[in-house]
Amino acid sequence: MSDNIKKLTRNVRDKRIAGVCGGLARYLDVDPNVVRIIFLIALLVVGGGLFAYLIIWLIAPEDPNY
């Protein structure tokens with residue numbers, strides 16, 4: 001039963017800075033570049049993208065199995 005539970009983890013293989021976008025993309029089942037573009041737009045337009053990225057970086061653990 002616990003195999004069906006999704007967990008947000010940072011992707012250690014598909015990372016540019018900390019693996020946040022790669023892990024979030026895997027969790028949402030989308031392309032990591034789409035997540036990176038969304039974070040970039042959020043950073044440039046709203047400014048909240050960096051804050052959200054840092055929070056996820058601090059909270060989400062690295063996934064050693066991926």
Value for SG (Cys21) from CG (Asp31), rounded to nearest 0.5 Å, stands at 11.0 Å
Cluster link Val35 to Leu54, ILVMFWY, side chain under 4.5 Å:
yes
Under the criterion side chain to side chain contact (heavy atoms under 4.5 Å, CB included), which of Ile37, Ile38, Leu44 is the partner of Ile41?
Ile37
Answer yes if Val20 and Leu28 sit in the same cluster of Ile, Leu, Val, Met, Phe, Trp and Tyr residues linked by side chain heavy atoms under 4.5 Å apart, and no otherwise.
yes
Closest non-hydrogen atom pair, Pro32 against Ala25:
CA-CB, 3.5 Å
Members sharing Leu58's hydrophobic cluster (side chains within less than 4.5 Å):
none
More than 12 heavy atoms of other residues, nucleotides or ligands under 6.0 Å from CG of Asp29: is that the case?
no
Are Tyr53 and Val30 linked, directly or through other ILVMFWY residues, by side chains that come within less than 4.5 angstrom of each other?
yes
Phe39 side chain near Leu24 side chain, heavy-atom distance below 4.5 Å
yes
